Amino acid sequence: MAFLKFNKAELVNLSYSLKREIICANKTGAYCNTTIVACNTRRYHGLLSVPVDNFGGGKYMLLSSVDESLEVNGKVFNLGIHRYGDIYEPRGHKYIVDFAADPVPVITYRVGQIEFTKSILLVPDKDQVMLRYEVTKSPAKLRLSLKPFLAFRSVHSLTSQNSSARTDFRQVRNGVSFNMYEGFPDLNLQLSTASFKYKSSPCWYNAVTYSDEARRGFACKEDLFVPGSFELSMGEGDSVVLSASVTEEVPSMIKRRYNAALKAIPGIVSLHDQLIHCADVLIRDRNGRKTVTAGFSWLYTGLLRETIFTLPGLTVHAGRPEAFEEILDDLIAHNQERLYSRTTQIEAPLMLAGALREYIASGASAKDVWKKYGKVVKGIIESYGPGVRKEVSLQPNGLLWAQKDNVALTWMNAYTDGHPVTERAGYQVETNAFWYDTLCFALENEKLYGQRGSKFIATWAPVRDLVKENYQKTFWNESCGYLADYVDNNGQNMDVRPNQLFALSVAASPISDDIAGSIMNIIERELVTARGIRTLSPRDVKYKGVYEGTQRDRDLAYHQGCAWPALLLPYATVAFRMRGSSFCKKAEWLIEGFFADLNKHGVGAFSELYDGDPPHEAHGAISSAMSTAALISVERLINKYKEESR
C-alpha cells in the first residue's frame with residue numbers, strides 16, 4: 001500500500017526517519033521494533049524480543065541489531081547505524097534509497113552500482129526473526145559481513161558490560177548459539193547457506209545511545225555485546241537468510257520457512273485489512289493461553305481494564321468471536337483479586353457487563369452467557385457491597401465512593417513525583433455509570449435465567465433504583481450544562497472531561513434524554529478533535545496540549561489534554577444513537593484520519609494517543625490495543641447504520 005513506502009529524501013533525513021518505526025509482532029508475543037532506517041532510538045527497540053517463561057512471561061530483548069557491511073574491491077561500506085552520545089557512527093542510512101513495508105519491511109541500499117536489499121520477517125508462530133539479504137544488482141562479486149549485537153535483558157531496562165555475561169558460544173548447524181545469562185533461552189543465529197566463515201572477535205560496544213530515551217530524561221546508554229561476524233561471498237541475484245531463533249533450525253529449511261511464512265501473510269488490500277491485521281497480533285496465543293497485549297512495544301499483556309475494553313473489538317467485531325470466551329476465561333482466572341477484593345482499577349470490573357452485552361448483541365446466546373458468567377458478574381457486584389473493598393464504599397444513596405489517599409483509582413492514573421495527576425477521589429462519573437449498567441444487566445438476566453425467588457434480586461434491585469434516583473442529581477450541573485467529573489467533600493468538580501461520555505454510552509444509562517443533548521454539545525465543542533477525544537478541555541488552566549518533554553511533562557499531559565482514539569468508541573456510540581445514519585459522514589472522517597497517519601509513528605499501526613493541539617501528532621505506544629479495537633468497533637457502527645438506512 002502506498003502509505004507504507006518512503007523515498008530516499010525522507011530516509012536520509014534523520015529528523016524525519018527516526019520518528020517512524022517498524023513494528024512487527026506475532027501470536028507468540030515476540031516482536032521486532034526499530035526505525036525505518038534500522039537505527040534503534042528506544043530501549044524497546046530491537047530485532048528479536050521474546051516472552052521468557054522462566055521470568056514470568058515478561059518480554060526480553062535477545063538480538064538488538066545486526067550490522068551489515070559490504071566489501072567491494074577492497075573498500076568496506078558499513079550499512080549499519082548507531083548513535084554514540086551525539087554522534088551517529090556508522091552512518092549507513094546514507095546508502096538507503098527505498099523502504100517499503102508490504103507485506104514485510106524491506107530496506108533497499110545502493111552503493112555505487114550495487115543494489116542490496118534487507119527484508120525483515122518475524123515468523124508468525126515462533127520466537128524467530130528472519131533477515132533476508134539479496135544482491136539485486138552488482139557488476140562484481142562482493143563480500144557481506146553480518147555483525148550481531150546481543151542484549152539479553154528485559155525490554156524495560158538497559159544492560160552494561162559485566163563479568164557475569166557468558167560470552168562464549170557453541171556451534172550449531174550453519175551458525176552459532178549464545179546464552180549470556182542463566183534462565184534465558186538460547187539465541188541461535190544460523191544462515192541458510194553453509195558457504196560462510198564465522199569470525200569470533202568478542203567485544204563490547206559501549207555507550208550505545210537511544211535518542212528517544214535521552215529526550216525524555218531517562219537513562220539512555222547501554223553496552224551491547226558483539227561476539228563476531230558472519231562472512232560470505234555474494235554476487236548479483238544471490239540471496240541468503242539469517243535466522244535468529246530460540247530453537248535450532250534445520251538449515252535446509254530456513255529459506256523454505258521464510259518463503260512459506262511470507263506467502264502465508266494475508267494480503268492487505270484495504271485499510272480495513274490493516275486494522276484487522278493489527279488486531280490479530282495484539283492477541284497473544286502462548287502456552288495454551290490467549291491474552292491481549294495492551295500495546296507494543298512496552299505495554300503489558302493480560303491487563304484487566306485494557307482487556308475488557310478491547311475484547312469485543314478485537315474478537316467479535318474483528319470476525320473472531322471464538323476468541324472472546326478464551327480470552328475472557330483466562331482473564332477471570334488470573335484476576336481473581338482485582339475482580340472480587342481489591343484493585344486500583346476501580347471501574348474495570350464493572351466494565352465486564354458492557355463487554356458481555358456486546359458479545360450477546362453479536363449473536364451469543366444470552367442464556368448461555370449468563371449461565372457461564374452470571375456468577376462472576378454477581379460476585380463483582382457483591383464485592384462492591386459493604387465491608388469488602390477498602391478502596392470503595394457503597395453509600396446510602398446507592399452510589400460508589402472511591403478513595404485511597406494519594407492513589408489514582410481510575411483509568412486516569414498518571415503520577416508525577418509519586419503523586420497522582422488526577423486523583424479524582426469521591427463519586428466518579430464513569431465508575432457510577434458502569435455500576436448502574438452492571439446492576440441493570442445482572443438483574444435483567446437473573447430475572448430471566450436465574451433461580452426463582454433469587455436473593456440477589458431482592459438485595460440489589462433496591463440499590464439499582466437508588467442509583468437511578470440519585471445519579472443525575474449528584475452529577476448534573478444545570479448552570480454548566482454537563483456532568484461533574486467527580487464529586488467529593490468539596491462538591492462537584494466541573495473539569496470538562498470525557499468520562500461523562502460513559503454515562504451516555506452504557507446500554508443502561510442513568511441520564512435522562514432531555515439533558516443528553518446538552519452534555520454532547522459540550523463534549524463536541526471542547527473535547528472532540530480530528531484524532532480522538534481530548535482528556536481535558538483546552539479552556540482549563542491545567543490543559544496540556546502537547547505530549548512532549550520530560551517524563552513529568554508527558555505525565556502531566558497524558559490525561560490533561562491528550563486526545564485518545566479509544567474514546568471515539570463511546571463518543572460514536574452516543575452520536576449514532578442520537579443521530580442515526582446522519583452521523584456516518586462525520587464518523588468516517590474521524591477514522592480516516594488515522595489511516596492517513598499510518599506512515600507516522602508506528603508504520604502501519606494505530607497509536608495510543610495524540611496531541612490535543614493541532615496538528616495532533618501521534619505519541620504513546622505505537623500499536624495500541626485500545627485504539628485498534630475502538631476503530632474496528634466504530635467502523636462496525638458505520639457499516640451497521642449505513643445498512644439500516646438503505
Side-chain angles (χ1 to χ4, degrees), residues 19 21 41-45 154-158 210-220 294-300 303-306 309 343-348 391 402-426 428 430-431 485-486 488 493 495-499 526-527 529 531-567 601-602 607-613 616-627:
K19 292 179 181 177
E21 302 181 37
T41 65
R42 305 181 191 266
R43 70 184 70 191
Y44 302 100
H45 282 175
S154 166
V155 297
H156 301 293
S157 62
L158 297 173
Y210 303 121
S211 56
D212 271 7
E213 306 295 342
R215 184 165 53 86
R216 288 166 168 77
F218 292 150
C220 61
F296 290 105
S297 36
W298 55 84
L299 299 183
Y300 290 91
L303 300 178
L304 180 64
R305 179 193 296 117
E306 287 76 1
F309 181 90
T343 180
T344 55
Q345 304 178 14
I346 197 64
E347 83 285 10
E391 69 274 16
Q403 182 173 9
K404 189 175 182 181
D405 289 346
N406 208 39
V407 175
L409 290 173
T410 73
W411 74 282
M412 291 188 162
N413 57 357
Y415 287 77
T416 61
D417 305 320
H419 302 285
V421 177
T422 49
E423 188 168 336
R424 305 179 67 234
Q428 298 143 0
E430 79 282 15
T431 300
D485 188 52
Y486 63 94
D488 61 12
N493 177 281
D495 291 350
V496 179
R497 294 188 183 276
N499 299 305
E526 302 192 28
L527 301 181
T529 79
R531 293 297 185 274
I533 311 298
R534 290 188 182 105
T535 44
L536 184 64
S537 167
R539 297 173 182 265
D540 198 297
V541 295
K542 300 184 294 295
Y543 175 78
K544 306 288 184 186
V546 178
Y547 185 79
E548 267 300 344
T550 65
Q551 179 69 43
R552 186 176 191 279
D553 293 332
R554 288 178 293 115
D555 285 339
L556 286 172
Y558 200 51
H559 299 119
Q560 301 277 73
C562 283
W564 287 63
L567 294 171
H601 204 40
S607 301
E608 179 187 9
L609 53 97
Y610 283 76
D611 289 334
D613 287 348
H616 306 298
E617 294 295 337
H619 298 283
I622 60 176
S623 179
S624 163
M626 292 182 67
S627 296

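For clarity, every value in this text was computed on a predicted model and none was experimentally measured.
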| task | Please check if any side-chain donor atom of E347 sits under 3.5 Å from a side-chain acceptor atom of T431, or the reverse. | result |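 No, no side-chain donor-acceptor pair sits under 3.5 Å.
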| query | Does one side chain, of Y44 or D212, offer a donor that lies under 3.5 Å from an acceptor on the other? | reply |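 Their side chains do not contain a donor-acceptor pair, so the 3.5 Å distance test is not met.
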| field | Charged N-O contact under 4.0 Å between E548 and R216 | value |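 Salt bridge absent between E548 and R216.
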| said: Do the side chains of R552 and D555 get close enough for a salt bridge, i.e. N-O under 4.0 angstrom? | reply: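 A salt bridge is absent here (no side-chain N lies under 4.0 Å from a carboxylate O).
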Over all atoms of both residues, closest heavy-atom pair of [X] and [Y]:
X: C220; Y: A214; answer: CB-N, 3.6 Å
X: I622; Y: R42; answer: CG2-NH2, 4.3 Å
X: Q428; Y: A402; answer: NE2-CB, 3.5 Å

[atom1] of [X] to [atom2] of [Y]: how many Å apart, nearest 0.5 Å?
X: S623; Y: L299; atom1: OG; atom2: CG; answer: 9.5 Å
X: Y610; Y: H601; atom1: OH; atom2: NE2; answer: 8.0 Å
X: L567; Y: T535; atom1: CG; atom2: OG1; answer: 8.0 Å
X: L409; Y: I346; atom1: CG; atom2: CD1; answer: 6.0 Å
X: L158; Y: F218; atom1: CG; atom2: CZ; answer: 11.0 Å
X: T410; Y: R497; atom1: OG1; atom2: CZ; answer: 9.0 Å

Under a 3.5 Å distance rule, please check whether [X] uses its side chain to pair with a backbone N or O of [Y] as donor and acceptor.
X: E608; Y: S627; answer: no
X: W564; Y: M626; answer: no
X: E423; Y: N406; answer: yes
X: E306; Y: A294; answer: no
X: T529; Y: G532; answer: yes
X: D540; Y: K542; answer: yes
X: E213; Y: R43; answer: yes

With sequence neighbours excluded, residues passing side-chain contact (heavy atoms from CB on, under 4.5 Å) with [X]:
X: A408; result: N413, Y415, P420
X: D611; result: V546, Y547, E617, H619
X: Y300; result: H156, L303

If the condition is side chain to side chain donor-acceptor pair (under 3.5 Å), which residues does [X] pass it with, not counting sequence neighbours?
X: S607; value: none
X: T550; value: D553
X: R531; value: D597

Heavy atoms, side chains only, cut-off 4.5 Å: are [X] and [Y] in contact?
X: H559; Y: W411; answer: yes
X: L527; Y: V496; answer: yes
X: T422; Y: Q560; answer: yes

| request: Evaluate the criterion salt bridge (Lys or Arg N to Asp or Glu O under 4.0 Å) for residue pair E430 and R424; output intermediate values, then yes/no. | output: CA-CA 11 Å; E430 79 282 15; R424 305 179 67 234; 2.8 Å; yes
| request: For the pair N499 and D485, evaluate side chain to side chain donor-acceptor pair (under 3.5 Å) and give the outcome as yes or no after the intermediate values. | output: CA-CA 7 Å; N499 299 305; D485 188 52; 2.8 Å; yes
| task | Test K544 against R554 for side chain to side chain contact (heavy atoms under 4.5 Å, CB included), laying out the working first. | result | CA-CA 9 Å; K544 306 288 184 186; R554 288 178 293 115; over 6 Å; no
| said: side chain to side chain contact (heavy atoms under 4.5 Å, CB included), that's the test. Do Y558 and L609 meet it? Break it down for me. | reply: CA-CA 8 Å; Y558 200 51; L609 53 97; 3.1 Å; yes
| Under the side chain to side chain contact (heavy atoms under 4.5 Å, CB included) criterion, do D488 and Y486 qualify, and how do the steps go? | CA-CA 7 Å; D488 61 12; Y486 63 94; 3.6 Å; yes
